[in-house]
Amino acid sequence: MELTYREAVRRALMEEMERDERVFIMGEDVGAYGGSYAVTKGLLARFGPERVRDTPISEAAIAGAGIGAALGGLRPVVEIMSINFILPAADQLINGAAKIHYMFNGQFHVPLVVRTVNGGRRLAATHSQNLEVLFAFIPGLKVVTPASPADAYGLLKAAIRDPDPVLFVESALLYSMKGPVPDDPDFLVPLGQSLVRREGRDLTLVAHSRGVVVALEAAERLAAQGVEAEVVDLRTLRPLDMGPVLASVRKTGRVVIVGDDWQSYGVGAEIAARLAEEAFEALRGPVLRVGGAEVPMPYAANLERLALPQVDGVIRRAARLLEGDGAWLVR
Amino acid sequence: MGGGEGMAQANNPEPGRDGWTGWTPDPPPDLRDEPPERLLEYYRQMQVIRHFEERAAQAYTQGRIGGFLHLANGEEALAVGGLAALEPEDDLITHYRDHGVALARGSDPGRVMAELFGRADGVSGGRGGSMHLADAGRRFWGGHAIVGIHLPIAAGLALAHQYRKEPRVVLCIFGDGATNTGAFHEALNLAATWELPVIFLCQNNLYGMGTAIERAMRVTELHRRGAAYGIPSARINGMRLLEVRAAVASAARWAREGKGPVFLEALTYRYRGHSMADPELYRTKEELKAWRAWDPIQLFAQELLEAGVVTPEALRRADQEAEQVVEAAIAFAEQSPEPDPATLHHGVYRAPLAAALPAGGGNGVGAHLP
């Protein structure tokens, strides 16, 4: 069936709530309001206020209550309205959820899903961030960043059934994207598996979240000029599955990493380091990155556009790898 | 010392309003109405905790315990009295000053000591240390060492009970310092709004590390903070075991009946520093001496003797038993092996990662896949 990314998330939530009575939702305005991005619209009417719980604006309490409810045997799906608002909950997730299983020697575990959203447009510095990498740094957390309706559906179901704390980062800019989704309530996309989204022999584009869409568009444009780019969607940032990335780079020898996050210490930095460690001999040029400008996001439309990774930026770097100056590609 | 009753009244300006003011703590029972064996057992448990911590302090100075060691000498009545009010199926969660609480909940003293020693047989396998004790079988959810972090978690444990309509409660213990963290305020507000069955038991020992409460907040009668969230609250004497037990039991009854959380402030004092590393420059010897006169164990013993419910001989026997228990715990910890080095990466996750990845990878243990 064909669903939007938003519908895919909603469908996964509904089906998992129907499958398992322990699954419930809580967050700011997830009930009566229907969710800030309308993802949970209709769920209150369907499941009632015990299972679709509006909370105060209180991120530490929401995340902490999620941890406690998970310890107590439930399967909470907590919504943090935007990843920009997650920092008050970071203590709960980093010092709490991530540590509990290991530190207490596996005596108990935290089957918690925290759904949140990155990206945003014309919202300026405090509302436009891609902070998932902060959490991908933390052993004990799992961080998932779906970039298609099918992955949003299958990864969320897998996250809800997973026994560990999962940060599930949706992309505000992908909610209206349509795509095929298997009509199967047990369709799961395992956490920790990267995926080749497009095959190609000349060049590898590695991306996550909205970066995948940028990479796919760049691949289209490159194909029109006879360059076959392979696009690898990381899908899960931790645990990170480098297998398809390494296989692709060993084939193409060229790689550009695409993401909306800042480059310094970002996802691309980790991928580049892993390539240097594990596939150095396969590289035919430098590992290049396309990321956000290292500024707090400006509001003005022209400045914002400059601060975000664009398809042209990917093409320029591809050209540099393929042709030295690559002038023929960017004309 | 502040008394309990007067404060509870002062905190009750509009009886009946919003349903939150109907609660006051039960007074302590008459000693003669209690089975003597039970009273003697409370005494014995307090002595076990006292000896345990004294021996731990010794082991720490000998370098056999590492890191931080936060002792609770002087606060034993709070642990034993508070835990005596819980049912086995109730939940317990606490902060890093957790040895006494673990022992009062029934965790094996040898395994607790082994945890302090960083050994494989420790309650947390040697991975948690003094600050991170836990005992899943006793519904003891830790030992949390970031101040205030466990209060929202307590609310969530209570939510699980409410969700399943089980008459269980959560006892959440924290210090006076935690009441200035955002997590405290968020947790109390959520618990009150959703009427969650949590007893927030504040162990007010008058200092957040070395900062006296009057230097950290204007409202030093901490129980008054409960009113801001519509939570019935009271101040109790944390040095008197039966007063603590009665207050926690009546709070648990209230919460179990679905009436929501209760906030208890138990006044107490720690004779030792914040941790073993504390030079104690912030308080006087006179203050310490004054509080030692309220020693919860001596106080309790004196009351038992005066009421004629136990003999001096029985107390002496309990003292000896307590010492034996602690010596056995030390011996157990000493003979316990260090954790197997091969387990370093084990259990970062619960799920076996290998199952997710056909190519294998980590056997469910590592952060990254090979």
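Here is how names work: the chains are called A, B, and so on, in the same order as the sequence lines, proteins then strands, and each is numbered from 1.
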- prompt: At a heavy-atom separation under 4.5 Å, does B/Glu115 approach chain A through its side chain, its backbone, both, or neither?
  reply: neither
Residue part contacting chain A, namely of B/Asn189, when any heavy atom lies under 4.5 Å: side chain
message: What verdict does the side chain to side chain donor-acceptor pair (under 3.5 Å) test give for A/Arg22 and B/Tyr163, after you've listed the backbone C-alpha separation in whole Å, the side-chain angles of each residue and the deciding distance to 0.1 Å?
response: CA-CA 9 Å; A/Arg22 299 170 303 170; B/Tyr163 190 93; over 6 Å; no
Note, B/Tyr349 side chain near A/His101 side chain (heavy atom, < 4.5 Å): no
query: At what distance, to the nearest 0.5 angstrom, does CG of A/Asp91 lie from CD1 of B/Ile149?
result: 4.0 Å
- request: Counting only heavy atoms closer than 4.5 Å, note whether B/Ile93 contacts chain A via side chain, backbone, both or neither.
  value: neither
message: Is B/Arg168 in contact with chain A via its backbone, its side chain, both, or neither, using a 4.5 Å heavy-atom distance?
response: neither
message: Within a 6.0 Å radius of atom CD1 on A/Ile57, are there more than 12 heavy atoms belonging to other residues, nucleotides or ligands?
response: no
message: Nearest 0.5 Å, please: how far is CG in A/Asn105 from NE2 in B/His346?
response: 11.0 Å
- request: Kindly compute the distance separating CD (B/Glu186) from CD1 (A/Ile62), expressed to the nearest 0.5 Å.
  value: 7.5 Å
- prompt: Quick one: does B/Leu190's side chain get under 4.5 Å of A/Ser58's, heavy atoms only?
  reply: no
message: Nearest 0.5 angstrom please: B/Leu344 CG to A/Tyr102 OH, how far?
response: 4.5 Å
- request: Counting only heavy atoms closer than 4.5 Å, note whether A/Leu188 contacts chain B via side chain, backbone, both or neither.
  value: neither
Heavy-atom side-chain contact between A/Gln107 and B/Phe140 under 4.5 Å: no
query: Checking heavy atoms, do the side chain of B/His185, its backbone, both or neither come under 4.5 Å from chain A?
result: neither
message: Any heavy-atom pair between the side chains of A/Gln92 and B/Ile153 that's under 4.5 Å?
response: yes
- prompt: If you round to the nearest 0.5 Å, how far is CE of B/Met131 from CE of A/Met103?
  reply: 8.5 Å
task: Side-chain contact test, heavy atoms from C-beta onward, threshold under 4.5 Å: evaluate it for B/Leu159 versus A/Phe24 and give yes or no.
output: yes
